[in-house]
Amino acid sequence: MTQLPDLLPALPEIFLALGALVLLMIGVFGGNRVSPLVNGMAMGLIAATALFVLPFGAKNGVTFSGSFILDDYAYYLKLVILVGSFFAIAMSWAYAKSQAFDKFEYPVLIVLATLGMLLMVSAHDMIALYLGLELQSFALYVVAAINRDSVRSTESGLKYFVLGSLSSGMLLYGMSLVYGFTGQIGLPEIAAHLHENGASIGLVIGLVFVLAGLAFKISAVPFHMWTPDVYEGAPTPVTAFLAAAPKVAAMGMLVRVVIDGFQPVTHDWQQVIVFVAIASMGLGAFAAIGQTNIKRLMAYSSISHMGYALVGLAAGTEGGVQGVLFYMTAYLAMTLGVFACILGMRRKDGMVEEIEDLAGLSRTNLSMAILLAILMFSLAGIPPFIGFFAKWYVFSAAVEAGLYPLAIIGVVLSVVGAYYYLRVIKVMFFDEPKEAFEKMPVELRVVLGLSGLVVIFFWAMPSAFIQGAATAAGSLF
């Protein structure tokens, strides 16, 4: 008699999957008129899933023959991902009403993408990793092109799909090489094989292809080319989602793969990570300077921030992984706040996206201008905001690992990148005011306020984030 697996570690994912099917059926039979109901139920479903995850470390375990692991690392990332998805749906409400975006498919696809992300950070072998990644990716391809009446949205979805398919092919090719040279698909088994036998040239080539496929998912250079066009072309609530939770999940998956699976050959993957980190920080810093569209600016900003997070991973230490986890948490808080402001850039004749449309905001909406300025200071890494401490942790980990040139380059490029954040502040406070924006909807004000609280007052309550990241990082070592 076949023994059924103990499914308790996968309970949040099972609950989310069943909930997504229920939401889909409600939407199919009710049509777009039930979109507000589906939106609200999707938020409730994600919040309920977070309750399954909240007992931090209470249900650690492995299931599905070792393919799925639930440890403190997965707990931490799942909570961050669920928070990002919850607020991404919340921020779409006002946009849906004003821009004829009230499609029931959107929240269902967000829930399915979230399910894929939860699977990604718990995947403990290469097949489970690929399944989680593709579930997330297919949902994101559709939401990027969900506004079928917009040529820009359709084009961005097509670009994302084509380039995403290419990256998936590279990832699968790398996985097949790793399997061919080790005979293993499980990350612990691959690590054990490498510890005993070392890395052959073929396996290193496979590892490079795996890293290339994963680098696409975090939009790291040189696999970043989709990011500016997709960010600009997709509907703004979709861009807000793309910029937040999926980046956290992809970075979490990358960290687990290299630490759990390839730690015995740290020197081989460390060189690749260092190059990608420097290239991402550099391109993000310089390419954003000439941008006039704020969504494209945030696209290049996200590329540079993924580079900063990779500085912590390049250290290959427990402190480095802790820095990466804290950095991604801080990045999520800052990004959600900025996109709440971008979604609030609405006048009587519709949404605007140009940086110059923020001109004189301090004289038409002072509170929004102050909070957006604080978020920009934090993204630039200026103390005492959370962005400064995030960079401090990853650069400190690099210094402790002896990667002095990488840390110095990171600090210099951080100074260069500060220019385009400060330019936004200059436009808001010193340029002649333009027509005032419409009153910001309640849900956007709530997201902006919560983001501002975390960014401004992190220094008063650091242990909640730092200790959680330390506990999560410790479970990988």
Side-chain angles (χ1 to χ4, degrees), residues 3 5-10 12-13 56-78 116-134 171-200 202-211 213-214 217 249-270 272-273 312-322 324-325 469-477:
Q3 187 176 358
D6 178 11
L7 299 178
L8 193 60
E13 286 77 8
F56 200 74
K59 300 186 290 289
N60 283 2
V62 178
T63 188
F64 298 115
S65 303
S67 296
F68 184 98
I69 186 171
L70 187 62
D71 53 9
D72 289 338
Y73 180 79
Y75 269 111
Y76 182 91
L77 282 171
K78 285 180 183 184
M117 287 184 258
L118 299 189
L119 292 171
M120 284 160 61
V121 296
S122 280
H124 217 213
D125 69 28
M126 291 188 292
I127 293 175
L129 182 151
Y130 185 74
L131 289 174
L133 184 64
E134 288 305 291
L171 182 64
L172 275 178
Y173 181 61
M175 287 176 173
S176 66
L177 285 175
V178 171
Y179 173 68
F181 283 97
T182 63
Q184 306 291 342
I185 58 168
L187 298 181
E189 290 78 14
I190 291 170
H193 181 278
L194 292 175
H195 186 72
E196 290 178 13
N197 304 293
S200 62
L203 187 135
V204 172
I205 293 171
L207 174 58
V208 170
F209 273 99
V210 169
L211 292 176
L214 296 178
K217 302 303 177 185
M251 185 63 76
M253 179 178 64
L254 174 59
V255 171
R256 189 184 285 283
V257 167
V258 297
I259 298 298
D260 267 3
F262 296 94
Q263 198 170 21
V265 290
T266 296
H267 179 71
D268 292 305
W269 58 258
Q270 189 180 51
V272 178
I273 297 295
L313 179 57
T317 61
E318 187 176 329
V321 173
Q322 179 189 353
V324 174
L325 292 175
T471 304
S475 66
L476 292 184
F477 290 86

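If you're wondering where the values come from, they're calculated on a predicted model, not measured in any experiment. Residues take their numbers from the sequence shown, with the count starting at 1.
In terms of heavy atoms, Ala123 sits closest to Ala128 at CB-C, 3.7 Å. Shown here for Gln270 and Ala315, the closest heavy-atom pair between the two residues is NE2-O, 3.8 Å. Across Ala472 and Asp72, no two heavy atoms sit closer than the pair CB-O, 3.6 Å. Residues Phe64 and Ala10 share a closest heavy-atom pair of CE1-CB, 4.0 Å.
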Practice problem: With side-chain contact (heavy atoms from CB on, under 4.5 Å) as the test, would you mind laying out the steps for Arg256 and Leu77 before giving the verdict? | Solution: CA-CA 11 Å; Arg256 189 184 285 283; Leu77 282 171; over 6 Å; no
Quiz item: Can you list the steps and then say if Leu211 with Leu254 is a side-chain contact (heavy atoms from CB on, under 4.5 Å)?
Solution: CA-CA 8 Å; Leu211 292 176; Leu254 174 59; 3.7 Å; yes
Distance-only donor-acceptor pairs under 3.5 Å for side chains of residues 186-198, two or more places apart:
unit_1	atom_1	unit_2	atom_2	d
His193	NE2	Asn197	ND2	3.3
Asn197	ND2	His193	O	3.1

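Atom CG of residue Leu203 and atom CG of residue Asp268 lie 8.5 Å apart, to the nearest 0.5 angstrom. The distance from atom CZ of Phe262 to atom CG of Leu207, rounded to the nearest 0.5 Å, is 5.0 Å. Met253 CE to Lys217 NZ: the interatomic distance, rounded to the nearest 0.5 Å, is 8.0 Å. The OG1 atom of Thr63 lies 10.5 Å from the CG atom of Leu70; values are rounded to the nearest 0.5 Å. Atom CD1 of Ile127 sits about 3.5 Å away from atom CD1 of Ile185, to the nearest 0.5 Å. Here Phe477 contributes atom CZ and Ile259 contributes atom CD1; the two are 4.0 Å apart, rounded to the nearest 0.5 Å.
For the pair Val258 and Val210, the minimum side-chain heavy-atom distance is 4.5 Å or more. Put simply, the side chain of Asp71 does not reach to within 4.5 Å of the side chain of Val62, judged on heavy atoms. Using a 4.5 Å heavy-atom cutoff, the side chains of Thr471 and Tyr76 are not in contact.
Ser67 places no side-chain N or O within 3.5 Å of a backbone atom of His124 that could act as its donor or acceptor partner. Put simply, the side chain of Gln322 never gets that close to the backbone of Ala469: no donor and acceptor are under 3.5 Å apart. Between the Tyr73 side chain and the Val121 main chain, no donor and acceptor come within less than 3.5 Å of each other.
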